[in-house]
Protein chains: 2
Amino acid sequence: MARKKEFDPEERMEKARDLFWEKGYNATSMEDLVQTMGLNRGSIYDTYGDKHSLYLQCLGNYAAEKLKEHKEAASGTSPMERVENMIRSAVEATVNTGKCCMAVNSTFELAAVDQSVHSIIKNNWKDIVDFFEQLLTDAKAQGEISADKDPKLMAEFIAANFTGLWQTFILSKDKKQVEKLAQFLIDMVKH
Amino acid sequence: MARKKEFDPEERMEKARDLFWEKGYNATSMEDLVQTMGLNRGSIYDTYGDKHSLYLQCLGNYAAEKLKEHKEAASGTSPMERVENMIRSAVEATVNTGKCCMAVNSTFELAAVDQSVHSIIKNNWKDIVDFFEQLLTDAKAQGEISADKDPKLMAEFIAANFTGLWQTFILSKDKKQVEKLAQFLIDMVKH
DNA sequence: GTTATTTTAGAACAATCGTTCAAGATGGTA
DNA sequence: TACCATCTTGAACGATTGTTCTAAAATAAC
């Protein structure tokens, strides 16, 4: 055996992830990454592969973490309360950090032309929609939402609305407006 | 006086616009533009300025055209029917062309870091929301939607949902699903 | 037909892009 | 202690980036 890495690959990847998150894939240069990660070019290539490979790892890391956060945010005594908390929690995270979802940024920058990116995001999207669907199915069984509602369709609708909320936040930069819109969504879903 | 341009600046700009639309700003190189526009580098710089300036002109052109299309799609005998047709028309355009909104792509790629881009898109966004708001105000006056609804908020909600529909289309590539989601939105808005 | 002015064409610019490589440093194992 | 696989370093690669410049071609006005 030989030397051990002087850095923590996971920790440095998160620095790269935050940079990609902020600037997007194409606007982030290898030089930027060298500076931000505090690593030599060679170490980056040796550890993560090329820029695209590093990006995929960052995106995968983000997606996994985001899914975990969504599930953690789903606290509450009833299914619909859990759905509500998920929505509010996502909005809160956005307005507090000032950053919107990296996966959504990536969707509009790359997913249409990059198969690997598309696949990662689509799977993550499906996980989130499935989680919503389960909650809404429970809500329906408990009579929290009316019997004529389609949990799957409604789950997709809620998830799609996240993207709308993020766009609204980017354009308006108005915390209050995003929160009002989120409340409107919740009211619509609950009836 | 001297020579006249051998090309139609407007027509060539639309070729640039379509390329930016497809690939995004950062992934489009000047060389790409030279090839696609069929112009010499010098002619591009002389006519449109640098790459960023050309992009802003393309985006402005797109925004103006999109607003026009939205208004043209707003046909119908009642306000709510006109709103419905706007939504359906936007979805149809997306699934038929396979392309989603350039302004939304641009929002997630650039608006957070580019003030000029942000301004163009925000203004266009406001125009569209205002148009929806007017229709919804009429709908409310005519009793098509209930009196407790807020037309402005609902207009923002509908506009935000467009973005969600586009994202769903990119990820699912499923025409039917996007149409179902659009119908769900219409049902929600109409009650 | 001359002149003035613009448009063209394409070479060329420095800067940056993503990537590779060779040489030196390191430390666990034999 | 000697070995050597691995990690670190920094220079360097060719390709491409956005942009500029020069000279030739073209045309409207005189």
Side-chain angles (χ1 to χ4, degrees), chain A residues 1-61 105-106 109-110 113-117 120, chain B residues 1-60 105-106 109-110 113-117:
Chain A
M1 288 300 115
R3 287 179 71 178
K4 288 171 66 181
K5 283 191 197 300
E6 291 180 358
F7 60 93
D8 176 3
E10 180 85 7
E11 172 216 338
R12 300 297 174 108
M13 185 189 62
E14 286 172 11
K15 294 198 173 195
R17 189 233 306 141
D18 290 347
L19 188 64
F20 279 131
W21 191 352
E22 184 193 330
K23 304 187 64 172
Y25 177 73
N26 285 302
T28 301
S29 72
M30 218 53 205
E31 179 61 26
D32 291 334
L33 290 165
V34 167
Q35 298 301 326
T36 301
M37 298 174 81
L39 293 179
N40 186 276
R41 302 173 118 70
S43 297
I44 296 178
Y45 277 85
D46 185 61
T47 308
Y48 309 97
D50 63 15
K51 182 188 173 189
H52 188 254
S53 167
L54 171 59
Y55 182 78
L56 294 182
Q57 292 167 61
C58 290
L59 188 59
N61 168 285
N105 293 347
S106 189
E109 187 191 356
L110 301 172
V113 293
D114 187 319
Q115 175 58 43
S116 306
V117 167
I120 291 174
Chain B
M1 289 298 118
R3 284 178 73 178
K4 288 169 64 181
K5 282 190 198 303
E6 289 180 358
F7 60 94
D8 177 2
E10 180 84 7
E11 173 216 337
R12 300 298 174 110
M13 185 189 61
E14 286 172 10
K15 294 199 174 196
R17 182 215 336 123
D18 289 348
L19 188 64
F20 278 131
W21 192 352
E22 184 193 330
K23 304 188 62 171
Y25 177 73
N26 285 302
T28 301
S29 72
M30 220 53 205
E31 178 62 27
D32 292 334
L33 290 164
V34 167
Q35 297 301 325
T36 302
M37 297 173 82
L39 293 178
N40 187 275
R41 303 173 116 71
S43 298
I44 296 178
Y45 276 86
D46 184 61
T47 308
Y48 309 98
D50 63 14
K51 183 188 172 188
H52 188 254
S53 167
L54 171 59
Y55 182 77
L56 294 181
Q57 292 167 62
C58 290
L59 189 59
N105 293 347
S106 189
E109 187 191 356
L110 302 172
V113 293
D114 187 318
Q115 175 57 43
S116 306
V117 167

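All values below were derived from every heavy atom in this structure, side-chain atoms included, with hydrogens, water molecules and symmetry-related copies excluded. Chain letters run A, B, ... following the sequence lines, proteins first and then strands; every chain starts at 1.
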With Phe20(B) as partner, the option from Thr36(B), Leu59(B), Leu54(B) fulfilling side-chain contact (heavy atoms from CB on, under 4.5 Å) is Leu54(B)
Using 0.5 Å steps for rounding, measure from the [atom1] atom of [X] to the [atom2] atom of [Y].
{"X": "Asn61(A)", "Y": "Leu56(A)", "atom1": "CG", "atom2": "CG", "value": "12.5 Å"}
{"X": "Ile120(A)", "Y": "Gln57(A)", "atom1": "CD1", "atom2": "CD", "value": "9.5 Å"}
{"X": "Arg17(B)", "Y": "Met37(B)", "atom1": "CZ", "atom2": "CE", "value": "11.5 Å"}

Shortest non-hydrogen contact from Lys51(A) to Thr28(A)?
NZ-O, 2.7 Å
Closest heavy-atom pair and its distance - Asn26(A), Ala27(B):
ND2-CB, 3.7 Å
Which ones in residues 45-56 of chain B lie close to DNA chain D, meaning a heavy atom under 4.0 Å from one of its atoms?
Tyr45(B), Asp50(B), Lys51(B)
Which ones in residues 12-25 of chain B lie close to DNA chain D, meaning a heavy atom under 4.0 Å from one of its atoms?
none
Which of dT19(D), dT9(D), dA9(C) is nearest the side chain of Arg41(B)? It is dT19(D)
Rounded distance in Å - [atom1] ([X]) to [atom2] ([N]):
{"X": "Ile44(A)", "N": "dC17(C)", "atom1": "CD1", "atom2": "C1'", "answer": "14 Å"}
{"X": "Met37(A)", "N": "dT8(D)", "atom1": "CE", "atom2": "C1'", "answer": "15 Å"}
{"X": "Asn40(B)", "N": "dT7(C)", "atom1": "CG", "atom2": "C1'", "answer": "10 Å"}
{"X": "Asp8(A)", "N": "dC7(D)", "atom1": "CG", "atom2": "P", "answer": "14 Å"}
{"X": "Leu33(B)", "N": "dT16(D)", "atom1": "CG", "atom2": "P", "answer": "16 Å"}
{"X": "Glu31(A)", "N": "dT19(C)", "atom1": "CD", "atom2": "C1'", "answer": "13 Å"}

Just N and O in the side chain of Ser43(B): are any of them under 4.0 Å from OP1 or OP2 of dT8(C)?
yes
Tell me whether the OP1 or OP2 atom of dT17(D) has a side-chain N or O from Ser29(B) closer than 4.0 Å.
yes
Of all residues at least two apart in sequence or in a different chain, which pass the salt bridge (charged side-chain N to carboxylate O under 4.0 Å, His left out) check with Asp50(B)?
none
Please check if the side chain of Tyr48(A) supplies one atom and the backbone of Pro9(A) the other of a donor-acceptor pair under 3.5 Å.
yes
Checking side-chain polar atoms at under 3.5 Å, does Asp46(B) have a donor or acceptor matched by the opposite partner on Ser43(B)?
no
By nearest nucleotide on DNA chain C, pick out whichever of Thr28(A) and Gly42(A) is the more 5' one.
Thr28(A)
